[in-house]
Amino acid sequence: MLDKAFDPASLEARLYAAAEASGAFNADPARAARPFTIVIPPPNVTGSLHIGHALNNTLQDVLVRYRRMQGRDALWMPGTDHAGIATQMVVERLIGTEGQTRKGLGREAFLQRIWEWKAESGGTITRQLRRLGASLDWPRERFTMDEGLSKAVIEVFVRLHKEGLIYRDTRLVNWDPVFQTAISDLEVESREQKGHIWTLRYPVEGEPGRFIEVATTRPETMLGDMAVAVHPKDARFADLVGKRAILPLTGRLIPIVADEYSDPEKGTGAVKITPAHDFNDYGVGRRHELPMPSVLDAEARIWLEDIAAELRAVDGVADPQFVRGLAGQDRFVARKAILAELERLELLVGAEPHSNMVPHGDRSGVPIEPRLTLQWYCDAATLAKPAIEAVETGKTEFVPKQWENTFFAWMRDIQPWCISRQLWWGHRIPCWYGPEGSLFVERDEAAAMAAARQKFGRDVELTRDEDVLDTWFSSALWPFSTLGWPESTAELKKHYPTDVLVTGFDIIFFWVARMMMMGIHFMGEVPFKHVVIHGLVRDEKGAKMSKSKGNVLDPLELIDANGADAVRFTLCALASPGRDIKLSKQRMEGYRAFATKLWNAARFCEMNGIAAQPGWDPATAQTPLARWILDGANAATVEAGVALDAFRFDEYAAALYRFTWNSFCDWFLEFAKPVLNGPDGPEKDEVKGAAQHVLGVILRLLHPVMPFVTEELWTQLSYGGEASLIRAAWPDAAPVQRAEAARAELDGVVRLISEVRAVRAEVNVAPSIKTRLLVQGASPETMARAGRWIDAIQRLARVTEIETLEGAAPSGVVQAVIGEATFMLPLADVIDLGAERARLLKARGVAAQEIAKIEKKFGNAEFMAKAKEEVIEENRDRLESFTAEIARLDAALARIAN
RNA sequence: GGGCGCGUAGCUCAGCGGUAGAGCACUGCCUUCACACGGCAGGGGCCACAGGUUCAAUCCCUGUCGCGCCCACCA
């Protein structure tokens, strides 16, 4: 027997463990079935499940469970990402509490610590995914630093290098002074910062007393200034072009150059050029062949070695002691000192508040510094071309399609991808350096040695590149590296390309685009056919969830409070395409109630001896009630399938909610009650048969989104014998015989009951009062139908008997006008005649309004001439029925007046 | 500066050429033998604004206003 109360917490762990152990989640390459494949966006191994993961993985699980039930060999590939910077940061902080530093520990010991830490805490998120109910193929779980995946990374690097698509280059990169590594453009985020804009004067060489004024927000970089640029057409500076300015602080003579980069509208119209510390200035520096000394070190402190030779006493500029004193100072400390010094020299002529967007490291949160360094790059532009084409030709489709524009915009203007990181945690770059600047990019050290021996004709000493690869480099290979590439495995053959990738828009560039590039390049085919992009989960007010705001909803707590099924259902129901999700607790409570409703409906069935009848054939159904609910179940099956095929998780959830609650529970089970309470016989058998059949359909249709409660009910009501619902067959939507007649019959009864209930409620008739139902003007069919459903009508509309009214209506009736008939409830003693009149007048008003609208249309010659025939016909029908209704309402009103 | 999206019932959102919908919230009635995490009934909307196209516009087009996001930009 089912428990009286539904308690999700008591089922979930047990059901999940059993399902996982049974192997029901596992794909089988040996099976002939058509594959269905999703690779999980690997969460950071450092991570714990947040609400965004819950959404992302719920949607994937719904798709996987749906396709699995359709008989596909479903593979949902699990795994985690080593998350270079994030993980290294966490462990550095950890050893910091022990008074240790990364450098103090040394590379090997530090990496050892990370592995130990991963062994301890790395399983958190996968345990949490299990709590969510994610049906991942756990034995295949991978980690981006696994041996196999590392092999794939090396292979890709070596091959791309041989193809010239990976190369080294010295250029300006985004440098994170906290982590002391290069980062890619994508890891930089602009943040608005309030600061100042200062106007400085640089003396002009040979013209004592003359200055050129420059405006800057970054005075601390002035030690690296190598020119002042003005616009070629700017008359104000025309005579200065070709002359030189004297850099205060060092006395360096720097050319005043004409360059279109300079914007006469901005600042003073003259801009100082610091080629080694600004991306725009770098371009100017290249054009004018300026030297590019660096004046900041890896930690963004003033660094003087590149300019040490200049530091001697010069008249009219700063004391070299002052400049030397800046060495090793943080850039923002140095800024203040420099400004003070310039003020002393009377070269600071303006300071205005100014706010601008400053690039910050997305992990460290500090302003990044452009820095001139030698790094490894990947030729993304070349790899992007076929990826763009794949989306243009529809080989890969984004859902919603809108996101393709975002993808194109970025891919068509893609910059070289800086893939080296000056970190320790990650895939070490497979490059060995030998004498005379030689380098060997090979699969391992032995191969590098061999190559070196060949080149030099002897053994030489090699040192391996210290750097590691960008985390996203290994993620980019995920759809094929997890399937065993570069080996040619059965899994790879069967499951690549994958079917769907489900992810948030925030990593389209980081991840989706790069998987497209690598997948096409190495596999010759796109990595996935559909990219489903979902929104961000926000709090109830629409604010982004963040720890600092304290508005974070922990999915585990939500699961504890409402059950995993309710959490999953809520996320699905709210996942409208192209929209962020504002998560509402109340909404979730509503869906928890839905799970309870389902439980209780099943319990009702069980109590009435409605149990699974495996051989029961819906085609044998004779009664309209059975046919009606079977037809409804088919419609729901079709709706659910259409919605899921189109990745409309919201419509899928809504369709099932409606059918289960409104059709099955509110009407079908209520109609079934009189039959179930009545004598045994074929009618009762058929109601029971239909009930168990439809409940079975509901359980199967709901399983992808509510795997726990459906599984429990499936088992307890013996639907699958011993077999789990996980691999039960998705329902067929075979049309029901004479469904239309069944719909006409039952919809008519529903209408009658609803109308009678409504009029009773509106004139405040207590439910305890039962009444006769007098009918006037009803067709024989209507009367016959009312007779057939008398039991249900009595029960649900609080009616005693139904009679045709002979002669005049009694006084004091409440009346409901339905179709051709008027139904009267003789309630003279209990009703409020005034309320009844108001009610009838209101109904009349509504009908009259509709009539006026239609008549207006009919009075419009152009409408009659140009509107579609079926639209006119439809309006004609409506006009007719409203007109008839008014007549009957008038008759009803007249009766009251008597 | 460039681009994208969104303004529909109190809230969160579907709908997107011809009767304006859902869930929750709200109001009233009901502890009726699955369920009060329930049942029944009900109130509530110039579909942001202004033009245009159309026989017909919440829906298509243009513009305005408001909100959000992405990209670029340290003078």
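Within every chain, numbering begins at 1; the chains are lettered A, B, ... in the order of the sequence lines, protein sequences first and strands thereafter. Worth knowing before you read on, the calculation uses all heavy atoms, side chains too, and leaves out hydrogens, waters and symmetry mates.
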Secondary structure string for RNA chain B (Watson-Crick or G-U under 3.5 angstrom, | for other-strand pairs): ((((((((.[[[[.)..(..]]]].(((((.......))))).....[[[[[..)....]]]]])))))))....
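- Cation-pi check for Arg335(A) over Phe332(A) is not met; the charged atom does not lie both under 6.0 angstrom from the ring centroid and within 45 degrees of its normal.
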N/O-N/O pairs, protein side and nucleotides 15-18 of chain B side, under 3.5 Å:
from: G15(B); atom 1: OP1; to: Arg648(A); atom 2: NH1; distance (Å): 3.2

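- Rounded to an integer number of Å, the gap from Ile581(A) CD1 to C69(B) P is 17 Å.
- Spacing between U8(B) and A14(B) at atom C1', rounded to whole Å, works out to 10 Å.
- The side chain of Glu862(A) has C55(B) as its nearest neighbour among C30(B), C55(B), G5(B).
- Here Cys665(A) lies in heavy-atom contact (under 4.0 Å) with a base.
- Taking only distance into account, the side chain of Lys853(A) never meets the base of A56(B) through a donor-acceptor pair shorter than 3.5 Å.
- Each of Leu827(A), Val756(A), Val765(A), Val814(A) was checked for a side-chain contact (heavy atoms from CB on, under 4.5 Å) with Thr771(A), and the lone residue meeting it is Leu827(A).
- Partners of Trp417(A) according to the side chain to side chain donor-acceptor pair (under 3.5 Å) rule, which considers only residues two or more places apart in sequence or in another chain, are Asp470(A).
- Residue Ser190(A) places a side-chain atom within donor-acceptor reach of the base of C73(B), judged by atom type and a 3.5 Å distance cut-off alone.
- Judged by a 6.0 Å distance limit and a 45° cone about the ring axis, Lys673(A) is positioned over the six-membered ring of Phe604(A).
- Comment: Arg218(A) engages Glu220(A) in a salt bridge, judged by a side-chain N to carboxylate O separation of less than 4.0 angstrom.
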